[in-house]
Amino acid sequence: MAQLIDGKALAAQMREQMAAQVTELCAKGVTPGLAVVLVGDDPASRVYVSMKEKACAATGIYSAEHKLPAETSQQELLELVDQLNNDERIDGILVQLPLPDHIDEDCVLNAISPLKDVDGFHPYNVGCLVTGHPTFRSCTPYGVMKMLESIQYDLDGKEVVVVGRSNIVGKPVALMCLAENATVTICHSRTKDLPAHVGRADVVIAAVGRPEMVKGAWIKEGAVVIDVGINRVGDKKLVGDVEFDAAAEKASYITPVPGGVGPMTITMLLFNTIQSATSRVTAK
Ligand code: GUN
């Protein structure tokens with residue numbers, strides 16, 4: 001039976017340490033600041049944004065929320081990004097995705113200063129990850145890496161199978177595992193024989209956004225299973241991308257949903273914001 005990797009507990013422990021770091025930074029005259037931009041009223045995005053605000057407040061980070069109507073033009077959004085790029089109180093800028101259809105997401109992400117891109121989505125920061133000199137790392141994949149670190153898992157030479165190839169999770173987490181000398185396979189909707197790939201993995205990272213798509217029976221005995229999915233089924237129940245009970249029978253470690261990767265994402269956003277503010281102290 002697998003041991004749980006408790007993301008909620010790890011996140012709480014990290015946030016406590018970060019609150020102490022923020023106190024130190026404030027004593028040096030630098031209050032870390034995060035700007036969160038939400039366009040429109042997607043209900044899930046609203047929930048995420050309010051969680052981010054609360055997490056900032058609890059850690060002592062200054063947060064500036066910019067809630068814009070769905071009709072906001074791309075030009076108006078770009079002007080706000082430019083203003084935030086030049087705002088000295090702001091160390092990190094997060095534009096919540098998805099954006100409304102009339103706005104070109106890439107264009108907006110490219111406009112964020114790479115030095116304030118705490119989401120790690122700017123092509124400059126993505127490029128740094130690809131070339132093995134990471135700067136800001138995207139929050140969810142970074143959270144996954146911290147969870148593996150928390151169980152002292154050594155990725156060197158291990159088979160990692162990532163299910164999902166999104167820019168937010170699949171691709172960056174694969175690159176982060178590669179940087180730790182794992183042998184990485186990225187599977188996606190066109191992959192032939194997914195069970196065979198998952199079946200040889202020492203570490204399975206599921207990030208497809210489909211409820212319980214990865215079956216417990218596919219998991220190799222003793223594998224580590226990281227489930228990035230959060231899917232609502234029926235009215236209330238949340239399930240991951242992995243069939244949890246059956247996978248837990250075979251895995252050595254597994255992340256629960258909820259309470260696994262979820263709480264780590266915001267934690268790493270705070271982490272990146274503090275990292276950014278720290279460079280402001282060094283520059284002083
Ligand atoms: N939407 C879903 N996940 C994310 C994230 O990590 N950052 C941003 N900006 N938007 C998201």
Side-chain angles (χ1 to χ4, degrees), residues 7 11 33-56 61 63-68 70 72 74 77-78 80-81 84-85 90-101 103-114 116-126 129 134-147 162 164-176 205-210 226-232 238 240-241 257-258 260-273 275-276:
L34 174 70
V36 180
V37 181
L38 173 64
V39 185
D41 48 16
D42 176 65
S45 292
R46 270 220 306 260
V47 173
Y48 290 137
V49 166
S50 86
M51 283 164 68
K52 286 165 190 170
E53 286 161 15
K54 283 192 193 129
C56 281
I61 295 174
S63 77
E65 296 90 43
H66 296 266
K67 294 185 177 140
L68 308 177
T72 303
Q74 181 164 316
L77 182 55
L78 289 172
L80 173 60
V81 168
L84 296 170
N85 281 340
I90 297 300
D91 298 288
I93 303 170
L94 179 144
V95 176
Q96 184 67 32
L97 304 178
L99 288 168
D101 288 344
I103 297 178
D104 178 348
E105 232 161 59
D106 282 338
C107 180
V108 174
L109 295 180
N110 294 0
I112 296 172
S113 162
K116 296 192 177 187
D117 172 39
V118 284
D119 249 336
F121 291 164
H122 190 286
Y124 173 81
N125 290 320
V126 176
L129 179 62
T135 43
F136 289 122
R137 287 166 242 223
S138 308
C139 305
T140 303
Y142 202 3
V144 168
M145 300 312 284
K146 288 281 175 194
M147 294 180 96
V162 179
R165 57 171 154 180
S166 69
N167 288 335
I168 294 185
V169 187
K171 284 183 214 166
V173 87
L175 288 161
M176 289 178 203
I205 301 173
V208 265
R210 288 190 187 198
I226 309 283
D227 191 347
V228 182
I230 302 184
N231 310 286
R232 195 170 288 282
L238 290 176
D241 290 349
V257 177
V261 177
M264 292 302 293
T265 297
I266 295 182
T267 304
M268 298 322 293
L269 175 69
L270 306 179
F271 185 97
N272 284 347
T273 305
Q275 179 191 314
S276 181

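Excluded from the calculations below are hydrogen atoms, water molecules and symmetry mates; all remaining heavy atoms, backbone and side chain alike, are included. Both ligands and their constituent atoms are indexed starting at 1 by order of listing.
Taking only nitrogen or oxygen atoms, main chain and side chain alike, Thr140 does not reach within less than 3.5 Å of ligand 1. Looking at ligand 1, you'll find an N or O of Val95 within less than 3.5 Å of one of its N or O atoms. Backbone and side-chain nitrogen or oxygen atoms of Pro98 are examined, and none is located within less than 3.5 angstrom of a nitrogen or oxygen of ligand 1.
At the top of the distance list for atom 11 (C) of ligand 1, counting protein heavy atoms only, stands Gln96 NE2, 3.5 Å. Among all protein heavy atoms, the one lying closest to atom 10 (N) of ligand 1 is Leu97 N, 3.0 Å. The protein heavy atom nearest to atom 3 (N) of ligand 1 is Ile168 CD1, 4.2 Å.
A donor-acceptor pair under 3.5 Å is formed between the side chain of Asn125 and the backbone N or O of Pro114.
The shortest side-chain heavy-atom distance between Arg46 and Asp41 falls under the 4.5 Å cut-off.
Taking every heavy atom of both residues into account, Met176 and Leu129 meet most closely at CG-CD1, 3.8 Å.
Residue contact check: Leu94 has heavy atoms under 4.0 Å from atoms 9 (N) of ligand 1.
The shortest separation from a heavy atom of Tyr48 to ligand 1 is not under 4.0 Å, leaving the residue out of contact.
No part of Leu269 comes within 4.0 Å of ligand 1, judged by heavy-atom distances. Residue contacts with ligand 1, taken as heavy atom pairs separated by less than 4.0 Å, involve Asp119 solely via side-chain atoms from C-beta onward.
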**Request:** Show your reasoning for whether side-chain contact (heavy atoms from CB on, under 4.5 Å) applies to Ile93 and Ser113.
**Result:** CA-CA 8 Å; Ile93 303 170; Ser113 162; 5.6 Å; no
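Rounded to the nearest 0.5 angstrom, Leu34 CG and Ile90 CD1 are separated by 7.0 Å. Interatomic distance, Lys52 NZ to Ser45 OG, rounded to the nearest 0.5 Å: 7.5 Å.
Side-chain contact, Asp91 with Thr273: no donor N or O sits under 3.5 Å from an acceptor N or O.
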